[in-house]
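Note sheet for the following structure.
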Amino acid sequence: MTPFYSVRMRASRQSTHISGAERLTSHTEDIPGIATSLVTRGFTHELGTPDSLTLTCEQVASPPRLLDPLAVQEHAGPECIPELLSGLPESGWEVVTSPETMRGAALIDIATGRRVEPNHERGVRVTHMDWAELTHGVQAKATKDHFREALVLATKTLSCPGIVAELCVSDDTSYTTGYIARDGVYHRIPRIAPGARGGRAFFVDLTQASVEQIIAYLEHEPVLVRTPPPQLTSLTDELHSRNKTWRSSGLSRSEHVFTTGQDTECIVDGKNYTLFSSSNYLGLATHPEVVRASTDALHRYGAGSGGSRLTTGTTHLHTRLEEELASWLGYPDCVLFATGYQANVGLLQSLGELSPTFYSDAANHASLIDGLSLARRKGATMHVYAHGGVPEKVSGRVPLVVTDGLFSMGGDIADLPGLHDCGAPLIVDDAHGLGTLGDTGRGAAELTGVRPEILVGTLSKAFGSEGGFVCCDKELGMYLRNHARSYVYSTALSAGVVAASLTALRLIQESDVVAILHSNIEYARTALDASKAGPMTPIIPVTIGDERNAVRVADFLREHGVWAPAMRYPTVPRGEAIIRVTVSAAHTHSQIDRLAELLKTATTPRR
Ligand code: WAQ
Ligand code: MG
């Protein structure tokens, strides 16, 4: 039997770990090539250049055992975690989300929940493992493939006598997919714990093996993992299995059909409801003046715009709306997009081409996240900071901080003063704050006195219309019109929609809709016994607590003709489920009173 060698690289700066990787090979002629690719990897890591790089090559004691990889199951998001960790001590989760950095894994005794590895700072390092098929030829990747490397580690870890499960969160804040390995399955979990410092926890059953035996296996027993041949699958089968996973995680959704406008009294799926979940915060979607302006424009310009903004799609209404939004919000320029989603994606994708370093709030809207992932493909770097906080420090050639202004789920507002003090230009998506926050409705910026360098807004919420926009300086305006792909390659908004936005903007400035909204919010907070602390936001979370109870309350409301949804973990912390109520300027006090009464009935314990 030819001997196997473990070739290992470890790079660090000021004794802080930067990166590490390993290959196992029985082909000594491949070792120089493997060494080169590992050194390249150590010197090109996102975390920076090492001041120390160690390369080790040692013969392993015994022939490697050959294992089949764990089965891989994809999950939709973190809602599967409680079930996958059921029966295991909570301390595992605490270890991998605690702010302490670890080099290795914590061993958690399933009987006591205590950590049992001898050196807590170092943890236990799993080594001597690789893919079997790579044992000949160099093929060591010069960059990290998170999933493939983690699958090898998890396969070896679960094969260790005494280990019953593993929980892993990456320490790289831009990689937010983690996993739980248990009962032969590697469960991939997107957004497992965004913003967490990362770590690994191995759950051990000390009646099966001793701590010493477990550590010896993890550190010294060589393991090769077979790559199964790719299985052919039909598109339909693949979609069926994805849909099944989605449904079984309780996440599958479908449309509710309205046969009225976004009025506070509406008809949904054929039944009458009082609507408490629309983003039509000022009631402008069905305001007679807005509707009239829109129909007038439809008569003059017809239904479709006939082209993108740079071809035939720009009318004088488009340019006027851009000028008026810029002037209202105090910016030299404004670029109108077909939707808020497209504004964010186009903005971040095009900025990505400058290779900036983005700092992004962990709870940012999907459109920001999607824009950032496009930006990363163009060369941007991304760091995620904990929701509501500020990044520890910002660096990079072009650092940029990105956040929602008013967060749509919790109804909380970003710490704009703190973020602005970071010293990097600030991008705020104030989709929910514009038209609702601040005495004149100019949003989170008005409320906090901080003017973001770049402000994104949408016309589909308080404005009651459609479209998105970016307020910025002239340089960025010109850059976006030439480089934002969602701007260049989308058909322009129809003139009818733009005219509606223009009238809505005028009403926001000239009528008392914002003041009426604020007085309704105040009235609702009192009626609903919601917290009166904090700024006036139209999103009022009514705390229920228990998840099942929140669903029951939402069902009760629906049965009694009120449309307001329950929000549960992981959208909000566990045990802090809410009914998410949105109040609009169009609600009457008696509608709010009725909601309050129903909520009271639903939440009073029955005797
Ligand atoms: N042995 C034990 N623990 C380790 C090792 C090791 N060889 N390497 C890393 N750790 C611990 C350490 O505490 C790190 O802070 C933590 O794990 C995370 O390490 O399917 O990249 O290298 O897409 O950041 C998961 C892939 C990627 C999910 C995990 O971990 C997927 C990852 P990282
Ligand atoms: Mg890492």
Side-chain angles (χ1 to χ4, degrees), residues 6-12 16-24 38 41-42 45-47 56 69-78 80-81 84 92-108 115 117-130 141 143-160 163 165-182 185-204 214-223 225 373 383-384:
S6 156
V7 188
R8 253 177 304 158
M9 178 278 295
R10 186 168 116 66
S12 61
T16 303
H17 177 77
I18 293 179
S19 94
E22 179 187 27
R23 293 289 323 281
L24 279 186
L38 291 176
R41 176 163 158 173
H45 197 273
E46 264 187 6
L47 288 177
T56 320
L70 300 175
V72 177
Q73 190 177 332
E74 308 277 346
H75 290 264
C80 60
I81 296 170
L84 290 176
W93 181 257
E94 283 153 23
V95 166
V96 301
T97 52
S98 88
E100 265 112 83
T101 42
M102 263 202 296
R103 291 254 302 107
L107 297 188
I108 307 286
R115 290 181 66 168
E117 78 280 12
N119 181 343
H120 285 204
E121 220 175 294
R122 180 175 175 277
V124 180
R125 302 268 318 158
V126 190
T127 59
H128 293 188
M129 61 197 163
D130 200 354
K141 279 212 162 182
T143 52
K144 176 162 180 148
D145 182 338
H146 290 88
F147 166 62
R148 285 178 55 83
E149 292 182 12
L151 184 56
V152 169
L153 189 150
T155 300
K156 173 168 178 184
T157 301
L158 274 206
S159 76
C160 174
I163 296 190
E166 176 190 357
L167 165 64
C168 168
V169 173
S170 167
D171 52 24
D172 170 355
T173 54
S174 70
Y175 195 85
T176 54
T177 299
Y179 67 90
I180 292 169
R182 195 174 186 181
V185 182
Y186 177 103
H187 297 271
R188 290 191 85 187
I189 308 172
R191 289 167 275 106
I192 188 166
R197 187 45 78 66
R200 277 185 156 92
F202 299 161
F203 295 90
V204 299
I214 290 171
I215 294 179
Y217 183 95
L218 295 175
E219 291 185 345
H220 299 297
E221 185 68 36
V223 161
V225 179
S373 66
H383 299 282
V384 177

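All ligand and atom numbering here is 1-based and tracks the order in the structure.
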Original post:
Which bit of Ser170 is near ligand 1, meaning a heavy atom under 4.0 Å away: side chain, backbone, both or neither?
Top reply: both
Original post:
What are the atoms of ligand 1, with element, lying closer than 4.0 Å to any heavy atom of Cys168?
Top reply: 29 (C)
Subject >> Under 3.5 Å donor-acceptor, Arg188 side chain and Thr177 backbone >> reply: no
Original post:
Counting only heavy atoms, which portion of Arg103 has something under 4.0 Å from ligand 1: side chain, backbone, both, or neither?
Top reply: backbone
Original post:
When you look at Tyr217 and Ile163, which way does the side-chain contact (heavy atoms from CB on, under 4.5 Å) test go after all the steps?
Top reply: CA-CA 11 Å; Tyr217 183 95; Ile163 296 190; over 6 Å; no
Original post:
Heavy atom under 4.0 Å from ligand 1: found in Val169's side chain, backbone, both, or neither?
Top reply: backbone
Original post:
Relative to the heavy atoms of Arg188, which atoms of ligand 1 are at a distance of less than 4.0 Å?
Top reply: 20 (O), 23 (O), 31 (C)
Original post:
For ligand 1, which atoms, with element, lie under 4.0 Å from some heavy atom of Ala150?
Top reply: 25 (C), 26 (C)
Original post:
Short N/O distance, under 3.5 Å, between Asp171 and ligand 1?
Top reply: yes
Subject >> Subset of ligand 1 atoms that lie under 4.0 Å from at least one heavy atom of Val124 >> reply: 1 (N), 2 (C), 3 (N)
Original post:
Where the side chain of Glu166 meets the backbone of Leu158, is there a donor-acceptor pair that is under 3.5 Å apart?
Top reply: no
Original post:
Do Glu100 and Arg115 meet the salt-bridge criterion of a basic N to acidic O distance under 4.0 Å?
Top reply: no
**OP:** Would you indicate whether the side-chain heavy atoms of Met129 and Glu22 approach each other to under 4.5 Å?
**Re:** yes
